[in-house]
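A short write-up of the structure that comes next.
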Protein chains: 2
Amino acid sequence: MATIKDIAKQAGVTPSTVSRVLNHAGGYNEATKIKVEKIAASLHYQKNEYASNLVGKKSNLIGVIITDSKSSFASPIIDSVEDSAYQNGIRILLAHCGQNDPQRLRFCLDLMAGQKVTGIISVAVQFDNDNLNYLNSMQIPLISLNVSVPDHGSIKIDDVQAAYDGTKFLIESGYQKTALVGVDSNDPQTGLQRITGYRNAMNDANIPVNNDYIVEGDFSFDAGFKAASKLLASSNPPRAIFAASDDAAAGVLSYAYDHNIKIPAELAVLGFDNSHVAQIVTPALTTINQPFAKMGQLAVQKIINKEFNEDSIVKYQILKRQSV
Amino acid sequence: MATIKDIAKQAGVTPSTVSRVLNHAGGYNEATKIKVEKIAASLHYQKNEYASNLVGKKSNLIGVIITDSKSSFASPIIDSVEDSAYQNGIRILLAHCGQNDPQRLRFCLDLMAGQKVTGIISVAVQFDNDNLNYLNSMQIPLISLNVSVPDHGSIKIDDVQAAYDGTKFLIESGYQKTALVGVDSNDPQTGLQRITGYRNAMNDANIPVNNDYIVEGDFSFDAGFKAASKLLASSNPPRAIFAASDDAAAGVLSYAYDHNIKIPAELAVLGFDNSHVAQIVTPALTTINQPFAKMGQLAVQKIINKEFNEDSIVKYQILKRQSV
DNA sequence: ATGTTTTACGCAAACGTTTGAGTAGTTGCG
DNA sequence: CGCAACTACTCAAACGTTTGCGTAAAACAT
């Protein structure tokens with residue numbers, strides 16, 4: 001591979017001059033510039049980023065840590081982060097940390113540290129104490145999406161309020177008997193907050209909360225399916241189901257389809273996320289839109305502008321389609 | 001940030017020794033090793049990969065270029081590539097190149113070159129001549145998934161045969177009137193090959209091909225929806241639709257749902273990919289399974305083993321669910 | 001006791017780039 | 001004409017590692 005020295009030799013100048021030309025740093029005359037650029041092109045010169053970053057100490061690298069792509073909202077976020085990064089000449093280092101795998105998360109952090117990333121964007125990653133301390137000790141700024149992480153900036157919707165509004169929306173649409181599925185009360189962030197929002201909305205509407213109507217689970221299709229089978233086979237089935245994700249909502253839809261339950265006539269289904277699947281299932285899901293693209297974009301902006309400490313709450317909307 | 005020199009100073013040895021200890025290179029005694037490791041830990045030492053790679057000339061970096069994540073099969077591939085990479089201590093540099101954006105693809109290649117990746121995995125990326133030449137001139141090995149790229153290794157299914165088998169499967173299931181949707185005859189790879197497979201199967205079954213039954217489009221939900229509306233509103237609607245992707249199949253399902261067409265009683269739908277959506281739509285899609293996870297894994301293996309020139313054809317299966 | 005091998009380091013160069021400081025040669029100004 | 005200010009460079013150090021070579025000291029063999 002051609003280096004700056006090869007170019008220098010051919011052009012009859014020193015590497016310094018070549019470097020200045022290639023970086024448009026000024027301090028050379030037009031003829032030299034043209035000559036150097038022509039030789040660089042003919043040699044297929046590619047700057048060695050390792051050398052460059054070593055001396056320059058800036059990496060133009062943003063680390064992105066996601067749990068895994070199955071979570072359905074990872075894709076749009078990665079897309080927008082990548083696009084924003086591209087527009088700013090920044091590169092993306094991607095790593096998966098799995099679901100609750102401190103060891104792998106640690107590996108991810110080491111990776112990012114070794115690459116001297118200017119910042120990390122984590123998507124729905126829960127930090128355990130060890131890794132949080134480790135991160136803090138390394139002084140790498142972090143922007144967390146979807147969940148908040150102590151001492152670091154975050155970008156998320158107001159989960160309590162969103163669950164409140166979703167529940168209220170169902171109630172006002174005539175569904176008093178509304179269940180909440182796919183929430184994990186052990187998850188202090190999303191799960192618990194959405195349960196709180198649901199409870200608050202029921203209380204404010206003076207509807208007693210039936211605890212059987214809160215069905216625990218993760219955000220998966222299966223969780224939705226199982227919850228539906230438990231709820232809808234019971235003696236007192238709900239008239240509406242509020243799922244904690246679109247995938248879970250799709251699970252509900254699937255159960256309903258199998259048992260010939262008409263949506264929304266016999267059962268209303270409200271999703272959460274407005275992920276890709278929300279638009280393509282039948283009937284199309286009424287859901288709570290999370291502005292993933294905007295969140296990814298904002299995360300990159302924050303890292304560029306070094307705004308690491310504020311928490312941003314972004315707006316969601318209830319997106320009406322066919323399922324309620 | 002602490003460097004190897006800081007450790008050396010504290011430990012009373014030279015950087016060489018520290019380096020050897022940290023790399024488990026041998027040539028030090030146990031006491032020194034323990035001392036160095038303890039100091040390194042206490043200083044939160046992180047190897048500067050830039051310096052390391054600069055001298056070592058190996059990057060442990062694999063570049064991944066995808067068009068965009070919306071293509072629904074990007075996610076499982078990225079997941080498996082990332083997992084395989086993780087198990088081999090390799091990092092992933094991710095870049096999007098958009099759909100037909102030579103300029104951005106060029107940018108991606110520059111990025112990869114600058115980072116001195118050991119290899120590039122491209123997912124469903126079509127190389128124009130300029131970029132192909134550019135890639136070749138840079139001598140970076142490439143493994144292409146889903147499409148084949150001249151002079152470089154690829155991993156894909158046999159699209160002609162898969163479309164043939166899918167069509168044959170529909171015919172043998174009793175559907176003589178089978179349409180093919182979501183294919184682009186301008187796409188010499190996937191599109192054209194699947195059309196060929198479809199035609200071959202029809203011919204072999206002695207069924208005349210009705211050209212109206214081949215509806216052009218991309219792989220999107222909308223393409224499937226539009227194709228369905230064109231086909232099913234016609235005077236001679238097909239009894240089965242073979243979609244070129246699960247997303248397109250979901251579009252067909254959606255149209256059918258809107259017009260109260262029963263699946264599979266009145267219309268059979270066969271998808272393609274077995275992406276995440278295939279399992280969660282209602283009814284669940286019978287589809288052609290592409291082993292994305294295996295493909296990603298294999299791609300990483302090939303790069304590690306430096307097998308850049310073979311084309312691998314991986315196996316698909318027809319996965320029977322509810323839609324046919 | 002002498003010679004040989006091994007161990008456990010140190011030394012210094014190298015990787016490719018950037019950048020502050022230095023310097024010929026040219027231009028401008030009064 | 002003399003001095004300052006530029007221009008267009010060159011020089012050399014620096015970034016943090018790795019690694020081949022060198023070498024004292026220790027261990028072993030004869």
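Chain identifiers are assigned alphabetically (A, B, ...) following the order of the sequence lines, protein sequences preceding nucleic acid strands; residue numbering begins at 1 within each chain.
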Inset, instruction - Quick one: sort the B:Tyr86 and A:Phe107 rings into parallel, tilted or perpendicular, breaks at 30° and 60°. - result: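 B:Tyr86 vs A:Phe107 ring planes: perpendicular.
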Legend entry - Residue met sooner reading DNA chain D from 5', once A:Ala51 and A:Val13 are mapped to nucleotides: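 Result: A:Val13.
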Rounded to whole Å, how long is the line connecting atom [atom1] of [X] with atom [atom2] of [N]?
X: B:Lys9; N: C:dG10; atom1: NZ; atom2: C1'; result: 16 Å
X: B:Glu30; N: C:dT7; atom1: CD; atom2: C1'; result: 14 Å
X: A:Glu49; N: D:dC15; atom1: CD; atom2: C1'; result: 15 Å
X: A:Lys5; N: C:dA14; atom1: NZ; atom2: P; result: 9 Å
X: A:Asn23; N: C:dT17; atom1: CG; atom2: P; result: 10 Å
X: A:Asn48; N: D:dC15; atom1: CG; atom2: P; result: 18 Å
X: A:Lys47; N: D:dC15; atom1: NZ; atom2: C1'; result: 15 Å
X: B:Asp6; N: D:dC15; atom1: CG; atom2: P; result: 11 Å

Report the nucleotide, chosen from [options], that has the shortest atom-to-atom distance to any side-chain atom of [X].
X: A:Thr32; options: D:dC9, C:dC11, D:dA14; answer: D:dC9
X: B:Arg20; options: C:dC15, C:dT17, D:dT19; answer: D:dT19
X: A:Tyr45; options: D:dG16, C:dT17, D:dT17; answer: C:dT17
X: A:Thr3; options: C:dA14, D:dC11, C:dT17; answer: C:dT17

Side-chain N or O of [X] versus OP1/OP2 of [N]: is the shortest distance under 4.0 Å?
X: A:Asn53; N: D:dC15; result: no
X: B:Ser52; N: D:dT17; result: no
X: B:Asn29; N: C:dC9; result: yes
X: B:Ser16; N: D:dT17; result: no
X: B:Lys116; N: C:dG16; result: no
X: A:Thr17; N: D:dA8; result: no
X: A:Thr14; N: D:dC11; result: no
X: B:Tyr50; N: C:dT18; result: no

Should [X] and [Y] count as side-chain neighbours, where that means a heavy-atom distance under 4.5 Å?
X: B:Ile78; Y: A:Leu94; value: yes
X: B:Tyr50; Y: A:Lys116; value: yes
X: B:Leu93; Y: B:Leu111; value: yes

Inset, instruction - Determine the minimum heavy-atom distance between A:Gln297 and A:Ser80, stating which atoms define it. - result: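 Nearest heavy atoms, A:Gln297 then A:Ser80: N-OG, 3.8 Å.
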Inset, instruction - Could you say whether B:Gly56 or B:Tyr28 is positioned toward the 5' end of DNA chain C, judged by the nucleotide with the nearest heavy atom to each? - result: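 Residue closer to the 5' terminus by nearest nucleotide: B:Tyr28.
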Legend entry - Sidechain-backbone polar pair: A:Asn88 side chain, A:Ile90 backbone, donor-acceptor under 3.5 Å: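 The answer is no, because no donor-acceptor pair under 3.5 Å joins these two groups.
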